[in-house]
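The block underneath contains the structure these notes are about, expressed in structure tokens.
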Amino acid sequence: MKSDIIIIGAGPGGYHTAAYAVRHGLSVTIVEKAEAGGTCLNCGCIPTKALCHDAEAVEAATRICGTRPAVDFGKIAARQQEVVAKLRQDVETLLAQTGVTFVRGNAVLKDDHTIVANGEEYQAGNIIIATGSRPKMPPIEGINLPGVMTSTELLAIENLPQSLCIIGAGVIGLEFASVFNSFGCEVTVVEYMKECLPPYDQDISKRVRKAMEKRGIKFVMQAAVKSIAKNGDNLNVCYEYKGKAGETSAEMVLVATGRAANIENIGIETAGIATERGHIIVDDNMQTNIGHVYAVGDVNGRCMLAHAAIMQGIRCVNNILGRNDEIKLDIMPSAVFTNPEAAAVGLTEAQCKEAGMEYTVKKTPFRANGRAVADEADGGLIKLITKNDGTILGCHVCGAHAADIVQEAAALMSLGCTASKLHDITHIHPTIAELLRDSV
Ligand code: FAD
């Protein structure tokens, strides 16, 4: 069978790209070995956000009722699965309605125009590799013990553990820490670095950690986990902190120490595709060293976010179509849906300093904003970094609706507007986004 494009993997990088390509007149075959929607829909962005939503409801109920309600975790887990199942069906319908040929099977490249799946050969002028990533398991003694889990496994549990130790204070680790704490589970986070959320501006990550500590989440920072051992019904996580041995005990352990790109067993060596440090190398059009073979999303290691995968896919199809676009892949907002939420776009203050830039920082606390006070979010902060000519270098937010606020800054940055443009934009009242205008 021959088409214009074969896509390997139906995560956001795969299925959005497929739909976009078909809408622009190209014929597409997409091959998926597991479920449509990939990590994002089945065991990433979406199920975690279903948990975040329920966690927020528990927090509100706790305040209103004066005590934390007993959580029926079975209902929470069931709703999470319903959300995923509904959206998965929607993705399959979208692919069918747009005319994408969907093949369920494991795809392996035979050469740079051919893949084999289910014993059949499929050919195309262009191939897009969108095979995503999987949890990375560090070589720690005891990592394979029952009760030590990846995020995928933790999303499938049916009973809430009494206690959870999370190794890694990145985005995934902190989102789980936040929701499991809200559900009444005792949470300890053990992290190797000095501060949590390493890519975030230190003012924001510190604020997130402090707020989470206030909620009862324990953080052990600058601690290197050495081993995990069974201790009765619990697991002991042993670490080294400033040269001294320490340990913490929990019923379950989540390993959230990063993700590895899926580059193995897909025939990239046979097709001659170049890789570097575990990722497929691509240029700004997502082209590999073989011009008509592309790689989008987590597999190219540029930015492990669903919206990055989607935008890279659009860029890649535009390249195939010979169209220029104005997508700015370097302006990539991101968010962590903890309580409090945090989000960012552009450079952190540390990066501006390191680059020797001249810049101005304006910090605007949420406390004087009507909506923030009404929403109990008055502990938040916007940190806007601008050049002296008003160019926005970075926007960093901690607090309710952080992602929405950062989205506006990202829009202005993408359009090349200066911060003063915010004064010309009417902001809906009462919203926390009004504070962005007040940040200039
Ligand atoms: P994937 O979504 O991983 O999809 C790859 C697909 O390829 C999979 O379905 C896989 O089965 C298939 N595949 C692999 N090999 C083959 C083969 N040989 N043949 C056929 N099919 C194959 N990102 C955000 O932007 N926001 C969030 O809130 C967010 N939350 C997250 C929470 C968690 C717990 C996790 C783990 C991730 C989260 N992410 C989030 C990251 C996001 O899920 C990924 O960046 C995104 O899914 C990457 O999309 P992708 O298409 O590159 O790969």
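Whatever order the structure lists ligands and atoms in, that order sets their numbers, starting from 1.
Checked against a 3.5 angstrom limit, the closest N/O atoms of Asn262 and ligand 1 fall outside it. Of the N or O atoms in Ile172, none lie within a sub-3.5 Å distance of an N or O in ligand 1. In terms of polar-atom proximity, Cys40 is counted as a contact of ligand 1, with an N or O under 3.5 Å from an N or O of the ligand. The shortest N or O to N or O distance between Thr48 and ligand 1 is not under 3.5 Å. Geometrically, ligand 1 and Asn265 share no nitrogen or oxygen pair separated by less than 3.5 Å.
Contacts with ligand 1 closer than 4.0 Å are made by side-chain heavy atoms of Ile266 only, the backbone lying farther away. With a 4.0 Å cut-off on non-hydrogen atoms, Ala306 touches ligand 1 through its backbone as well as its side chain. Of the heavy atoms in Ser133, only backbone atoms (N, CA, C, O) come closer than 4.0 Å to ligand 1. With a 4.0 Å cut-off on non-hydrogen atoms, Ile8 touches ligand 1 through its side chain and not its backbone.
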*asked:* Assess the residue pair Ser133 and Asp298 against the criterion (side chain to side chain donor-acceptor pair (under 3.5 Å)); give the C-alpha distance rounded to whole Å, side-chain angles, the decisive distance to 0.1 Å, and a yes or no.
replied: CA-CA 6 Å; Ser133 64; Asp298 285 7; 2.8 Å; yes
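Nearest heavy atom pair, residue Ile428 against residue Thr431, reads O-OG1, 2.5 Å.
We find that Arg88 and Glu92 are not joined by a salt bridge, their nearest charged nitrogen and carboxylate oxygen being 4.0 Å or further apart. Under a 4.0 Å N-O distance rule, the pair Glu264/Arg134 qualifies as a salt bridge.
Residue Val299 places every heavy atom at 4.0 Å or more from ligand 1.
Inspection of the Asn339 and Glu56 side chains reveals no N or O donor paired with an N or O acceptor under 3.5 Å.
Not counting sequence neighbours, the partners of Ser334 by the side chain to side chain donor-acceptor pair (under 3.5 Å) test are Tyr200. Residues forming a side chain to side chain contact (heavy atoms under 4.5 Å, CB included) with Pro199 (at least two apart in sequence, or on another chain): none.
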